[in-house]
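Numbered from 1 within each chain, the chains take letters A, B, ... in sequence-line order.
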2 protein chains.
Amino acid sequence: MNSGRFAISMHILTLLTFSEDEWTSSEYLAGSININPVLVRKELGNLRERGLVLSKEGKSGGSRLAKPADKIFMSEVYEAVKQKDLLGKGINSPNPDCPVGRKINDHLDNLYDEAEKTLLTSLGKVSLAEFCKKFD
Amino acid sequence: MNSGRFAISMHILTLLTFSEDEWTSSEYLAGSININPVLVRKELGNLRERGLVLSKEGKSGGSRLAKPADKIFMSEVYEAVKQKDLLGKGINSPNPDCPVGRKINDHLDNLYDEAEKTLLTSLGKVSLAEFCKKFD
DNA sequence: TCATACTGTAACTTTTATTATTACAGTACA
DNA sequence: TGTACTGTAATAATAAAAGTTACAGTATGA
């Protein structure tokens, strides 16, 4: 998975939790995270597709949580951010003439799926609200 | 974590399991995995440090499992291969003037540690021998 | 004993992925 | 209607991963 993006998304969501009733600009978010505003907007786009945030265009626009922080779970953030699978599903091109090479990707995929299921269960137990409580 | 390397290590270990009583050359392994022999030797070096394989130099040298395949667990492979942490521990440099930025890395680290513990438990349940049974 | 078939590793290049930057069209407010 | 935003494309800079070449070191066995 893309580790940097998970951290960025978590940072965004945390900031939005702390100003739950305002529209926060990508410029402001970028300032706290210390990255480029365009990256923030891209990440917001991704979180928006997943129904985790809302954005408003135009003057006095910005972004905010799409639902209460105790209804957003770390597993959702993980899923929003991942493109590649956890341990790198099917990225290899082993030699098809070798009996092991021919089948290993399928077997690894199974292993990865299992592991990822476990990970999601674990991440599904923590809500954004709980995560943000730690900042008090 | 480094997904490509996990797959490569698993591929190596699987091949070594299927010729448990011979010294297998890095050239042969590289052929089945379809990658460069030097990469294989690097990965073997890593697995060796972790006590998962043995290597013998010189003519008729090569590598073999350091212990029976039912005593090697996927969690060990995961640990052997990982350098970065699962979700990217402490890779960000958030703005320290922001109360969220100042603390978020620590909080994320905790979250990652928990998630990784779960993942290791899951991977610790599968031995190399069990994995290799799937090829029959 | 010496050619051979290996390992181990360093140095370097190529490729690919990530991140940052610039630029600008579109939107809504006041 | 100027201003403060979003959204997105295109591109450049940077970093990480993979591949390559090269060669010293080591055991084997003819």
Side-chain angles (χ1 to χ4, degrees), chain A residues 1-9 11-12 15-16 19 22-31 33-50 52-64 66 81-85 87-95, chain B residues 1-9 11-12 15-16 19 22-31 33-50 52-64 66 81-85 87-95:
Chain A
M1 89 161 269
N2 192 318
S3 46
R5 289 184 53 213
F6 181 82
I8 290 171
S9 284
H11 202 145
I12 291 173
L15 292 166
L16 294 184
S19 48
E22 296 163 36
W23 296 97
T24 306
S25 80
S26 60
E27 206 79 29
Y28 173 83
L29 296 169
I33 305 175
N34 207 24
I35 59 170
N36 196 287
V38 176
L39 251 187
V40 172
R41 297 209 279 267
K42 275 184 191 160
E43 221 49 67
L44 282 168
N46 189 43
L47 294 168
R48 198 160 53 238
E49 276 176 26
R50 294 299 185 129
L52 300 182
V53 305
L54 302 171
S55 302
K56 196 173 84 167
E57 292 191 350
K59 192 171 180 176
S60 86
S63 299
R64 63 192 307 170
V81 148
K82 89 151 199 232
Q83 331 138 293
K84 298 201 281 272
D85 283 86
L87 302 167
K89 203 165 210 158
I91 58 163
N92 303 297
S93 4
N95 181 349
Chain B
M1 88 161 271
N2 192 317
S3 45
R5 288 185 53 213
F6 182 82
I8 290 170
S9 284
H11 202 145
I12 290 174
L15 291 166
L16 294 183
S19 48
E22 295 164 36
W23 296 97
T24 307
S25 81
S26 60
E27 207 79 27
Y28 173 82
L29 296 169
I33 305 175
N34 207 24
I35 59 172
N36 196 286
V38 177
L39 252 186
V40 173
R41 297 209 279 268
K42 277 183 192 162
E43 221 47 69
L44 282 168
N46 188 43
L47 295 169
R48 199 161 51 239
E49 277 176 25
R50 293 300 186 128
L52 300 182
V53 306
L54 301 171
S55 303
K56 195 173 83 165
E57 291 192 347
K59 192 172 179 177
S60 88
S63 299
R64 64 191 307 169
V81 147
K82 89 148 198 235
Q83 331 139 294
K84 298 201 282 272
D85 284 86
L87 302 168
K89 201 164 210 158
I91 59 161
N92 303 297
S93 5
N95 182 349

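Residue A:Val81 comes nearest to A:Phe6 through the heavy atom pair CG1-N, 3.7 Å, listed as atom of the first residue, atom of the second, then distance. In plain terms, the two heavy atoms of A:Arg64 and A:Glu22 that are nearest each other are CB-O, 3.6 Å.
Ranking D:dT20, D:dC5, C:dT7 by closeness to the A:Ser25 side chain, first place goes to D:dC5. Of the candidates C:dT21, C:dT19, D:dT8, C:dT19 carries the atom nearest the A:Leu39 side chain, counting heavy atoms from C-beta on. Ranking C:dT9, C:dA23, D:dA18 by closeness to the A:Arg41 side chain, first place goes to C:dA23. Comparing C:dT22, D:dT6, C:dA5 by their nearest atom to the side chain of A:Glu57 picks out D:dT6. The side chain of A:Lys59 approaches C:dC29 more closely than any other nucleotide in the set C:dT19, C:dC29, D:dA18.
Residue contacts for A:Ser63: at a heavy-atom cut-off of 4.0 Å it reaches no nucleic acid atom on any strand shown. At a threshold of 4.0 angstrom between heavy atoms, the contacts of A:Leu44 with the nucleic acid are absent. At the heavy-atom level, B:Gly62 lies under 4.0 Å from the strands shown only through sugar-phosphate atoms.
The side chain of B:Asn36 places no N or O atom within less than 4.0 Å of a non-bridging phosphate oxygen (OP1 or OP2) of D:dA18. The phosphate of D:dA4 has neither OP1 nor OP2 within less than 4.0 Å of any side-chain N or O from A:Ser60. Between B:Arg48 and the phosphate of C:dG8, there is a side-chain N or O to OP1/OP2 separation shorter than 4.0 Å. Between A:Lys42 and C:dT19 there is no side-chain N or O to OP1 or OP2 distance below 4.0 Å. Between B:Lys56 and D:dT28 there is a side-chain polar atom (N or O) within less than 4.0 angstrom of OP1 or OP2.
For A:Trp23 and C:dT27, the CH2 to C1' distance is 14 Å, given to the nearest whole Å. Going from atom CZ of A:Arg5 over to atom C1' of D:dA16 covers 17 Å, rounded to whole Å. Across the protein-nucleic acid pair, A:Leu54 atom CG and D:dT6 atom P stand 14 Å apart, rounded to whole Å. Look at CG on B:Asn46: it is 13 Å from P on D:dA18, rounded to the nearest Å. Atom CD of A:Glu27 and atom P of C:dT21 are 12 Å apart (whole Å). Between the C1' atom of C:dG8 and the CG atom of B:Leu47 lies a distance of 15 Å, rounded to the nearest Å. Rounded to a whole Å, the CD1 atom of A:Ile33 is 11 Å from the P atom of C:dA20. Here D:dG19 presents its P atom at 9 Å from CG of B:Asn34, a figure rounded to the nearest Å.
Taking A:Arg48 as the reference, A:Ser55 meet the side chain to side chain donor-acceptor pair (under 3.5 Å) condition, with sequence neighbours excluded.
With a 4.5 Å cut-off on side-chain heavy atoms, B:Ile35 and B:His11 do not count as touching. Counting heavy atoms from C-beta outward, B:Thr24 and B:Leu15 have side chains that stay 4.5 Å or more apart.
Map A:Val38 and A:Gly58 each onto its nearest nucleotide of DNA chain D; the residue landing nearer the 5' end is A:Gly58.
To the nearest 0.5 Å, the span separating CG on B:Leu39 from CG on B:Leu44 amounts to 10.5 Å.
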